[in-house]
*Asks:* 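I'd like to ask you about the structure that follows.
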2 protein chains.
Amino acid sequence: MKLASLRSDGRDGQLVVVNRALTRYARVADVAPSLQSALDRWPEVEPQLREIAAALEAGTHPQTHAFDPRECMAPLPRAFHWADGSAYVNHIELVRKARGAEMPSQFWKDPLIYQGGSDDFLGACDDARFVSEEHGIDLEAEVGVITDDVPMGTPADRAAEHIKLLVLINDWTLRNLVPGELAKGFGFYQSKPATGFSPVAITPDELGAAWRGGKVHLPLVSHINGRLFGRPNAGVDMTFDFHQIIAHAAYTRRLGAGTIIGSGTVSNRDRSTGSSCLAEVRALEMIEHGAPRTPFLSFGDRVRVEMMDPSGASLFGAIDQRVVRA
Amino acid sequence: MKLASLRSDGRDGQLVVVNRALTRYARVADVAPSLQSALDRWPEVEPQLREIAAALEAGTHPQTHAFDPRECMAPLPRAFHWADGSAYVNHIELVRKARGAEMPSQFWKDPLIYQGGSDDFLGACDDARFVSEEHGIDLEAEVGVITDDVPMGTPADRAAEHIKLLVLINDWTLRNLVPGELAKGFGFYQSKPATGFSPVAITPDELGAAWRGGKVHLPLVSHINGRLFGRPNAGVDMTFDFHQIIAHAAYTRRLGAGTIIGSGTVSNRDRSTGSSCLAEVRALEMIEHGAPRTPFLSFGDRVRVEMMDPSGASLFGAIDQRVVRA
């Protein structure tokens with residue numbers, strides 16, 4: 001099942017069910033007005049939404065409409081909890097190596113996670129607005145999961161049942177604001193402006209065999225200005241799977257329905273697959289040449305993030321955003 | 001005007017208007033079902049709520065009910081944005097001094113802020129559940145503001161108009177998990193479990209002359225197990241006022257309606273006023289005796305946080321929570 005939130009009068013959009021091919025949608029206002037309200041009572045709502053999805057797929061739904069990702073808000077236009085992991089630890093090691101910093105061995109055993117701002121998410125085709133190019137505008141292409149209520153202390157082997165949906169994420173980052181914020185110890189804040197999301201959120205079964213062990217075993221494809229930038233496989237070199245990240249997040253607190261957990265920048269040791277953020281490319285250049293050569297993004301640049309199934313069909317639709325001056 | 005969210009079938013509680021004396025309330029479901037929905041369209045809703053508040057105060061409201069803070073959820077039982085400042089910089093300096101760490105001079109110029117988990121807030125009289133006493137359970141008594149939509153780049157001198165409500169906060173902290181998390185640079189996560197809030201949120205005018213310059217000029221009174229623990233004045237030694245913290249928060253992003261911004265642990269240089277967290281007491285003991293003497297909290301302990309007007313009347317009602325094993 002694929003779900004989207006279309007722009008509407010309200011702040012939370014209008015929940016719709018989208019067909020597998022991402023060409024048609026059906027309204028579901030009588031089942032749940034918004035994705036958050038659906039997640040709030042998922043056991044009751046899910047079967048009704050799946051029935052509509054089946055009719056849509058079978059061509060028997062009485063009223064369908066042409067789906068246009070430009071009408072999409074983020075699947076959750078605002079959320080109560082957005083926590084982003086950094087699960088591809090070889091990526092962290094690389095970036096640290098480039099700036100001559102040691103990486104604590106603990107990083108291989110204990111998931112890194114930060115609490116993100118969740119009151120203002122961007123739709124897949126929304127412009128991404130930034131104050132200044134001097135801040136070092138960077139993409140971070142990621143995979144994310146959306147959970148139902150996760151009790152405090154949920155172990156990794158019970159986390160799978162709480163994953164209801166998956167999304168693609170562009171965790172826009174202001175790279176030049178990061179060192180100052182991390183040095184203060186309180187984590188990211190100004191360096192992490194509004195985050196972009198794929199047009200649709202999909203249930204795990206839509207991934208078939210590519211969803212296993214709490215990982216998505218498919219390439220995450222990023223383009224900058226129409227040019228292929230990276231296609232690392234999200235299932236490769238993911239040190240902590242989503243089950244482990246959820247267990248880490250729920251260690252001392254409950255997670256409310258609609259919690260979004262991100263994977264962190266997808267990165268493979270096999271450098272031929274490219275990267276999912278410019279910081280990694282610049283780190284590699286630093287190690288090889290002693291200085292970065294690739295600039296961060298400029299106003300007017302476009303960033304596209306997408307994931308295809310083995311037949312080449314887009315699973316989540318594309319995040320396709322333009323970098324603009326606020 | 002004073003607002004509360006009473007426990008209801010839904011996750012966001014039932015918005016009510018409470019009288020100044022915190023003894024009676026009136027239902028306002030026909031105006032707005034929840035505080036978030038009120039904040040989403042505040043210009044339209046506020047006059048209607050104020051009319052009800054006036055009738056309640058005048059004794060002319062047709063249907064009122066006895067107010068019991070034990071029926072309260074947090075004013076926003078879940079929120080889309082909760083960012084906590086650390087505005088009493090002398091407190092940070094003290095805690096750092098105790099552990100022999102230098103404080104960067106930048107801390108006096110640039111507000112510290114962290115993104116908090118906002119999907120699971122605690123009502124004023126809810127038990128506060130923790131996994132283990134070994135984590136170093138601590139209170140952090142604070143003042144907070146709730147904003148409407150704050151545009152990106154809002155300067156400090158335009159921030160006041162966005163502050164719609166004030167609350168008291170107990171930002172429960174697992175002190176022994178803090179050093180490990182801060183060392184990783186990604187900020188607090190496991191060390192900041194669910195946060196407690198006062199029974200009511202109040203509009204700034206309820207504070208009269210005590211609300212000026214983006215600060216609340218009144219003592220914030222904390223008790224542990226019925227014994228006075230601290231009463232530092234929230235308006236004294238607050239290095240960054242709420243206007244400056246909001247400007248810092250909105251520097252690279254919009255803040256959505258219902259954003260909660262905390263002051264951080266209230267602390268005065270005048271040590272006779274006591275403290276708002278055990279970490280500060282322990283830091284003082286460390287400096288004086290070479291080792292802390294006061295333990296962190298134990299299961300069964302009670303923590304009360306309250307603020308009175310000059311006549312001794314409770315402004316927000318009391319946060320009065322018991323520390324229990326999860």
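Chain letters run A, B, ... following the sequence lines, proteins first, then strands; residues in each count from 1.
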*Asks:* Suppose we screen for salt bridge (Lys or Arg N to Asp or Glu O under 4.0 Å). Which residues come up paired with Glu93(A), at least two apart in sequence or across chains?
*Replies:*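 By the salt bridge (Lys or Arg N to Asp or Glu O under 4.0 Å) rule, Glu93(A) matches no residue at all.
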*Asks:* Tell me whether Arg158(B) at atom CZ has more than 12 heavy atoms from other residues, nucleotides or ligands lying less than 6.0 Å away.
*Replies:*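 No - once you tally the heavy atoms of other residues, nucleotides and ligands closer than 6.0 Å, there are 12 at most.
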*Asks:* Non-hydrogen contacts under 4.5 angstrom with chain A: give the residues of residues 251-259 of chain B involved, or none if there are none.
*Replies:*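 Interface residues of residues 251-259 of chain B: Tyr251(B), Thr252(B), Arg253(B), Arg254(B), Leu255(B), Gly256(B), Ala257(B), Thr259(B).
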*Asks:* Just wondering, are more than 12 heavy atoms of other shown residues or ligands nearer than 6.0 Å to CZ in Arg7(B)?
*Replies:*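 Atom CZ in Arg7(B) is packed in, count exceeds 12.
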*Asks:* Could you please state which residues from residues 147-156 of chain A sit under 4.5 angstrom from chain B, measuring non-hydrogen atom to non-hydrogen atom, sorted by number, or 'none'?
*Replies:*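 The list, in residue order, reads Asp149(A), Met152(A).
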*Asks:* Out of Gly116(B), Ala183(B), Ala194(B), return the one with the most heavy atom pairs under 4.5 angstrom to chain A.
*Replies:*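 Top option by heavy-atom pairs under 4.5 Å: Gly116(B).
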*Asks:* Which region of Pro193(A), side chain (C-beta onward) or backbone (N, CA, C, O), has a non-hydrogen atom less than 4.5 Å from a non-hydrogen atom of chain B, or is it both or neither?
*Replies:*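 Backbone plus side chain of Pro193(A), per the 4.5 Å heavy-atom cut-off to chain B.
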*Asks:* To the nearest 0.5 Å, what is the distance between CZ (Arg78(B)) and CZ (Phe80(A))?
*Replies:*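 One gets 4.0 Å once the value is rounded to the nearest 0.5 Å.
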*Asks:* Heavy-atom distances under 4.5 Å only: say whether Ala79(A) touches chain B with side chain, backbone, both or neither.
*Replies:*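 Only the backbone of Ala79(A) comes within 4.5 Å of chain B.
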*Asks:* Of the listed residues (Val131(B), Asp84(B), Leu182(B), Ile113(B)), which shares the most heavy-atom pairs with chain A below a 4.5 Å separation?
*Replies:*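 Highest number of pairs under 4.5 Å: Ile113(B).
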*Asks:* Tell me whether Arg322(A) at atom CZ has more than 12 heavy atoms from other residues, nucleotides or ligands lying less than 6.0 Å away.
*Replies:*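 Not buried by this count: 12 neighbours or fewer within 6.0 Å.
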*Asks:* What part of Ser132(A) gets within 4.5 angstrom of chain B, counting heavy atoms only: side chain, backbone, both, or neither?
*Replies:*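 Looking at Ser132(A), nothing touches chain B.
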*Asks:* Between Lys184(A) (side chain only) and Gly185(B) (backbone N and O only), is there a donor and an acceptor less than 3.5 Å apart?
*Replies:*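 Judged by distance alone, no pair lies under 3.5 Å.
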*Asks:* Find the one option among Leu174(B), Asp119(B), Asp110(B), Leu112(B) whose heavy-atom pairs under 4.5 Å with chain A are most numerous.
*Replies:*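 Top count of heavy-atom pairs under 4.5 Å with chain A: Asp119(B).
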*Asks:* Name the region of Asp120(A), side chain, backbone, both or neither, that has any atom closer than 4.5 Å to a heavy atom of chain B.
*Replies:*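 Contact with chain B involves the side chain of Asp120(A) alone.
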*Asks:* Pick one of side chain, backbone, both or neither for Ile92(B), based on which atoms fall under 4.5 Å of a heavy atom in chain A.
*Replies:*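 When you check distances to chain A, no heavy atom of Ile92(B) falls under 4.5 Å.
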*Asks:* Taking everything shown except Glu134(A) itself, do over 12 heavy atoms lie less than 6.0 Å from its CD?
*Replies:*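 Counting other residues, nucleotides and ligands, CD of Glu134(A) stays at 12 neighbours or fewer.
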*Asks:* Name the region of Ala249(A), side chain, backbone, both or neither, that has any atom closer than 4.5 Å to a heavy atom of chain B.
*Replies:*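 When you check distances to chain B, atoms from both the backbone and side chain of Ala249(A) fall under 4.5 Å.
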*Asks:* Within a reach of under 6.0 Å around CZ of Arg325(A), are more than 12 heavy atoms found that belong to other residues, nucleotides or ligands?
*Replies:*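 12 or below, so no.
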*Asks:* Please classify the contact between Pro179(B) and chain A as side chain, backbone, both or neither, with a heavy-atom cut-off of under 4.5 Å.
*Replies:*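 Neither the backbone nor the side chain of Pro179(B) comes within 4.5 Å of chain A.
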*Asks:* Please list, chain by chain and in numerical order, all residues satisfying ring-ring contact (aromatic ring centres under 6.0 Å, His included) with Phe186(B), sequence neighbours excluded.
*Replies:*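 Counting only residues at least two positions away or on another chain, Phe186(B) forms a ring-ring contact (aromatic ring centres under 6.0 Å, His included) with Phe188(A).
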*Asks:* Counting heavy-atom pairs closer than 4.5 Å to chain B, which one of His248(A), Gln106(A), Arg129(A) comes out on top?
*Replies:*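 Ranked by contacts with chain B, first place is His248(A).
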